[in-house]
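Each chain gets a letter, A, B and so on, in the order its sequence line appears, and its residues count up from 1.
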Protein chains: 2
Amino acid sequence: MVDHAPSAAGTAPEDALAAALSGDPGAPGAPGAPAGPASGDAVAAAARPRRSAATRAAILAAARDRFAADGYERATIRAIARDAGIDPSMVMRYYGNKAGLFAAASEIEVHAPDLTHVPRDEAAARLVRHFLERWECDETLTAMMRVGVTNEAGAERMRGVFAEQIEPVLAAVCPVPEEAPTRAALVASQILGMALCRYVLHVPPAVGLTHDEVVAWLAPTIQRYLTAEHP
Amino acid sequence: MVDHAPSAAGTAPEDALAAALSGDPGAPGAPGAPAGPASGDAVAAAARPRRSAATRAAILAAARDRFAADGYERATIRAIARDAGIDPSMVMRYYGNKAGLFAAASEIEVHAPDLTHVPRDEAAARLVRHFLERWECDETLTAMMRVGVTNEAGAERMRGVFAEQIEPVLAAVCPVPEEAPTRAALVASQILGMALCRYVLHVPPAVGLTHDEVVAWLAPTIQRYLTAEHP
DNA sequence: ACTGTAGGCCAACGGCCGTTGACATTCCAG
DNA sequence: CTGGAATGTCAACGGCCGTTGGCCTACAGT
């Protein structure tokens, strides 16, 4: 009778991740960032490069690699710290906790191209090629997919990226504005599906396609999702 | 001197999963399965329902739910056993270890429909509708996706399902046989992408589509991947 | 009635994890 | 030169995990 809600015991860590991904300012601020030398010149304080910048960057780079390779649960702070060549406690000092580190390592900028000044029948090809390059330039998107699939907070972040960075861009070329969300979701389903097969599951025939082949196959699909009349 | 390979300690769990998913017979056999009453009638021994069958089924059902909801790492044997109403050690007795349990819980049967006797222009719609229903009838496919994205052994299993259960079915309706793998991968990318958005990431516009709408949008895409000439 | 065996529970072990706090070192302002 | 903040190391804590082995119970064959 002592424990009245044992079934909810396992959800605490996930809450931490959710809070961190929501931009919750609850994380303990890194030393050196908030308070300057008190009476010193604010501009000088901001301009002086912190010696820790290199360490922070190394941690972030190692974290991106590990999260992309292993997902959130299997990527351990100890392993990330080892890759970065520092002590695990430094990760805590700079990013508060594991969730905060992931939130920092998974800041997503899709940089979807502006399609308003692209000929309508080239928009889809442009889009496909952009995402191929974006996906291969670093492993952030792979990491986001790994965590989004496993973790509800990660999924929420992906929905946010979709709503804030994908939908608006596609709405600009949608003939009927109120259909934009549906059409954007269809586009996302095809692009994410190809990324899943090619970069995460490594399905051989999907890996073997050249960029041009992927564009040639997918662009007509995307184009139809964008502009064809509602079936 | 007892333990001769201490350096490989960190990789053991993943290897165990890989071995289990490869159908490695190394797992300790469950009691009651291999040896009958020695001198008894073999038919009677096989027919007599083991009292443990219900427990085994309960474990498997709980495992499917947990793996689907949490992925491989976060789904704990303790939680699965609690859901099944038994002791964690029973899981070990029946399935050897966690990897063996997952291997048993993720036996995938896609049951892709035979398309050889379907009018060519209906094949795609039939396929899309089948996968919608298949995906919603239980959570096995969601579990497979969660693990396939996070775990290399899980990805290997998905590639196996693709090669053995998807590719052959689609090859039957492919005009050019040697293009079958590529076309099957394209089909898989669209179907898995929609499943990802709809059942895993829960992207709102994708969730809101009815079956008929999904079929209406996706079928032309699938049809083109199946039968349109190579672009 | 007796006994072997399958089914089940319990307590524990060793290990890895995230996290913490105390202590050493480097750097810079005064 | 000196004091304090920034940077970094080390060792440890508590917790949860997968896994193991011992012990108890119920039942079927003889």
Side-chain angles (χ1 to χ4, degrees), chain A residues 6 9-13 16-17 20 27-41 44-45 48-56 58-59 66 70 72-82 84-102, chain B residues 3 6 9-14 16-17 20 27-41 44-45 48-56 58-59 66 70 72-82 84-102:
Chain A
T11 62
L17 216 199
S39 65
D41 185 2
R48 165 153 41 90
R50 297 255 152 220
R51 194 159 48 91
S52 65
T55 300
R56 294 181 74 105
I59 293 174
R66 282 285 177 178
D70 295 339
Y72 185 76
E73 328 289 341
R74 284 220 323 256
T76 68
I77 287 189
R78 286 171 145 95
I80 292 169
R82 201 180 323 128
I86 48 94
D87 190 86
S89 64
M90 297 306 293
V91 177
M92 312 302 296
R93 188 192 290 273
Y94 287 135
Y95 296 98
N97 55 24
K98 187 179 182 179
L101 173 62
F102 179 78
Chain B
D3 200 3
T11 63
E14 189 165 351
L17 217 201
S39 65
D41 184 2
R48 164 153 39 89
R50 295 260 152 215
R51 195 158 47 91
S52 64
T55 300
R56 295 181 71 105
I59 292 174
R66 281 286 177 177
D70 294 340
Y72 185 76
E73 327 292 338
R74 283 219 324 257
T76 68
I77 288 189
R78 287 169 143 97
I80 291 168
R82 201 184 320 131
I86 49 93
D87 189 87
S89 63
M90 299 305 296
V91 177
M92 312 303 295
R93 186 192 290 272
Y94 288 135
Y95 297 98
N97 54 26
K98 187 179 182 180
L101 173 62
F102 178 78

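- Between I77(A) atom CD1 and dG8(D) atom P the separation is 17 Å, expressed in whole Å.
- Considering only the side chain of T76(A), dC17(C) comes nearest among dC17(C), dG8(D), dG7(C).
- For the atom pair CE of M90(A) and OH of Y95(A), the computed distance is 10.5 Å after rounding to the nearest 0.5 Å.
- Between dA6(D) and S52(A), no contact under 4.0 Å exists linking OP1 or OP2 to a side-chain N or O.
- The nearest heavy atom of DNA chain C to A79(A) and to I86(B) marks one nucleotide each, and the one closer to the 5' end goes with I86(B).
- Contact check, T55(A) against dT7(D): no side-chain N or O comes under 4.0 Å of OP1 or OP2.
- Here the closest heavy-atom approach between residue A75(A) and residue D70(A) is recorded as N-CB, 3.8 Å.
- Atom P of nucleotide dC16(C) and atom NZ of K98(B) are separated by 16 Å, given to the nearest angstrom.
- Taking each heavy atom of K98(A) and E73(A) in turn, the nearest pair found is NZ-O, 3.5 Å.
- Checking dT7(D), dT20(C), dC9(C) against the side-chain heavy atoms of M92(A) singles out dT20(C) as nearest.
- When the P atom of dT7(D) is taken as reference, atom CZ of R56(A) falls 9 Å away, rounded to whole Å.
- Here the nucleotide nearest the side chain of M90(A), chosen from dC17(D), dC9(C), dT9(D), is dT9(D).
- Put simply, OH on Y95(B) is 14 Å from C1' on dG7(C), counting in whole angstrom units.
- Rounded to 10 degrees, the angle separating the terminal helix axes of the helix from dA1(C)-dT30(D) to dG30(C)-dC1(D), each built from five base pairs, is 10°.
- The base of dC10(D) lies close enough to the side chain of S89(A) for a donor and an acceptor atom to sit less than 3.5 Å apart.
- Picking from dT19(D), dA12(D), dG8(D) the nucleotide with the shortest atom distance to the side chain of P88(B) gives dT19(D).
- T76(A) places a side-chain N or O within 3.5 Å of a backbone atom of A79(A) that can act as its donor or acceptor partner.
- In this structure, the separation between OH on Y94(A) and OG1 on T55(A) is 5.5 Å, given to the nearest 0.5 Å.
- Rounded to whole angstrom, the span from the CZ atom of R93(B) across to the C1' atom of dG21(D) amounts to 11 Å.
- The side chain of N97(A) lies closest to dT19(C), out of dT19(C), dC17(D), dG8(D).
- Atom-to-atom, CG of L17(B) to C1' of dG18(D) comes out at 13 Å; the value is rounded to the nearest Å.
- For D87(A), counting side-chain heavy atoms from C-beta on, the closest listed nucleotide (dC10(D), dT20(C), dG8(D)) is dC10(D).
- We find that CG of D70(A) is positioned 15 Å from C1' of dC16(C), with the value rounded to whole Å.
- Residue R82(B) contributes atom CZ, which lies 14 Å from atom P of dC9(C) at whole-angstrom precision.
- Test D87(A), I77(A), L101(A) against M92(A) for side chain to side chain contact (heavy atoms under 4.5 Å, CB included) and you get one pass: I77(A).
- Residues R78(A) and G85(A) each lie close to DNA chain D; by heavy-atom proximity, the contact nearer the 5' end of the strand is made by G85(A).
- In this structure, A75(A) reaches the sugar-phosphate backbone alone: every heavy-atom distance under 4.0 Å involves primed, P, OP1 or OP2 atoms, never a base.
- Partners of A84(B) according to the side chain to side chain contact (heavy atoms under 4.5 Å, CB included) rule, which considers only residues two or more places apart in sequence or in another chain, are A58(B), I59(B), A62(B), I86(B).
- The shortest non-hydrogen separation linking G100(B) to A20(B) is N-CB, 3.9 Å.
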